[in-house]
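Just so it is clear: chains get the letters A, B, ... in the order the sequence lines come, proteins before strands, and each one is counted from 1. The structure presented is a predicted model; accordingly, all values stated were derived computationally and were not measured.
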Amino acid sequence: MDYTFTCERFDIRRTLFCGQAFRWKELDGRFCGIAGGRYAEISDNGDSTYTVHGIEKSDISYWQSYFDLDTDYDALIKQFSEDEHMRLACKENPGIRVLRQEPFETLISFIISQNNNIKRITGIIDRLCESFGEKTDRGYMFPTLEKLVGVTAEDLAPLRAGFRARYIVDAVEKLHSTEVSLDGIKAMDTTAAREELKKIKGVGDKVADCVLLFGYHKTDAFPRDVWIKRIEQKLYPDGLPECIKGNEGIAQQFLFDYARTHEI
DNA sequence: ACCCAGGGTAACT
DNA sequence: AGTTACCATGGG
């Protein structure tokens, strides 16, 4: 079936390709991809409505959640705009939303992201899915933990992930042994959850915060990458503004795009 | 040839 | 507690 939803000022292209998700392609004007084991083709109808094509009726709520449709971004932007820099950043890219993605996929993806660029991250993840993910008639799924149990760094060599291969192996081992529990993190506050994720080799503050923000929607997580560090130095030498408190992660998405487009 | 990329680790002061 | 070389790979 097709599911059409309305969302004012939703920039689906920027949302899907701004570096929070890595598995979407734009083909023939449609955004195609698999999330949470569900395939979808999404069209931007140009009138603030968007149609998710070819899905199961029972998955409507999944896609509503995935695009965070229940969150009022207008209200957030209004709140953020109390700060002048945030006002400009939001004004420039008002259609960005923070996706609600799968924790495991997000963890592996952002382990791969470290000291890497978005294009190459996407390539490595594509090869990971083709090598270890379930094949369907509409593409490869992101591999489950079970599919990856037992893999070695040598097994991952075809991905050309470089030094990150052993980090993936360590993540799979610690999750399989339940030394780290992705389910358990849901109930933790952000500080405790961050420390839990950092038990995995190759997961530091930045990767952990990306997983918490994009995989658990813990909006007070604030991933500090190179771009955000530049923004903080230049615009916020005395600390982040009060008006983003509790939603630092969402604010970070606006700032990240702002920094990149202006090459701050 | 050099520098950088949605960083982290280990080995230094 | 705060720096720094090094880590693979590919693009500019």
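Considering only residues two or more places apart in sequence or on other chains, A/Glu56 meets the side chain to side chain donor-acceptor pair (under 3.5 Å) condition with none of them. For A/His53, there are no ring-ring contact (aromatic ring centres under 6.0 Å, His included) partners, not counting sequence neighbours. With sequence neighbours excluded, no residue satisfies ring-ring contact (aromatic ring centres under 6.0 Å, His included) with A/His217. Partners of A/Lys245 under the side chain to side chain donor-acceptor pair (under 3.5 Å) rule, at least two apart in sequence or in another chain, do not exist in this structure. In this structure, the side chain to side chain donor-acceptor pair (under 3.5 Å) partners of A/Asp170, at least two apart in sequence or on a different chain, are A/Lys174. Qualifying ring-ring contact (aromatic ring centres under 6.0 Å, His included) partners for A/Phe254, counting only residues two or more places apart in sequence or in other chains: none. Every residue two or more places apart in sequence or in another chain was checked for a salt bridge (charged side-chain N to carboxylate O under 4.0 Å, His left out) with A/Asp28, and none qualifies. The ring-ring contact (aromatic ring centres under 6.0 Å, His included) test applied to A/Phe10 returns A/Tyr50, A/Phe67, not counting sequence neighbours. Residues that satisfy the salt bridge (charged side-chain N to carboxylate O under 4.0 Å, His left out) test with A/Glu195, not counting sequence neighbours, are A/Lys198.
Comparing the same atom, C1', in B/dG8 and in C/dG11 gives a spacing of 23 Å after rounding to whole Å. C/dA5 and B/dC2 are spaced 15 Å apart, taking the P atom of each and rounding to whole Å. Comparing B/dT9 with C/dG10, their C1' atoms sit 23 Å apart, to the nearest whole Å. With P as the reference atom, C/dT4 and B/dC3 are 16 Å apart, rounded to whole Å.
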State the dot-bracket string of DNA chain B. Criteria: Watson-Crick or G-U wobble, both atom distances under 3.5 angstrom; notation: ( ) intrastrand, [ ] crossing earlier pairs, | interstrand, . unpaired. .||||.|||||||

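A centroid separation of less than 6.0 Å is found between the aromatic rings of A/Phe110 and A/Phe22.
In 5' to 3' order, the nucleotides of DNA chain C bounding all contacts with chain A (an atom under 4.0 Å from a heavy atom) are C/dC7 to C/dG10.
Distance check, rounded to the nearest 0.5 Å: CD of A/Glu41 to OG1 of A/Thr51 gives 11.5 Å.
Looking at heavy-atom distances under 4.0 Å, A/Phe110 makes no contact with the nucleic acid at all. Counting any heavy atom pair closer than 4.0 Å across all strands shown, A/Arg120 reaches a base atom.
Atom pair A/Leu197:CG and B/dG7:P shows a separation of 17 Å (rounding to whole Å applied). Here B/dA5 presents its C1' atom at 10 Å from CZ of A/Phe163, a figure rounded to the nearest Å. If you measure from atom CG of A/Asn116 to atom P of B/dC4, you get 16 Å, rounded to the nearest angstrom.
Between A/Lys119 and A/Gly162, the one whose closest nucleotide on DNA chain C sits nearer the 5' end is A/Gly162.
Taking 4.0 angstrom as the limit, A/Arg260 places none of its side-chain polar atoms (N or O) nearer than this to OP1 or OP2 of B/dC4.
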What protein N or O atoms touch nucleotides 9-12 of chain B N or O atoms at under 3.5 angstrom, if any, and at what distances?
residue	atom	partner	partner atom	Å
B/dT9	OP1	A/Gly202	N	3.3

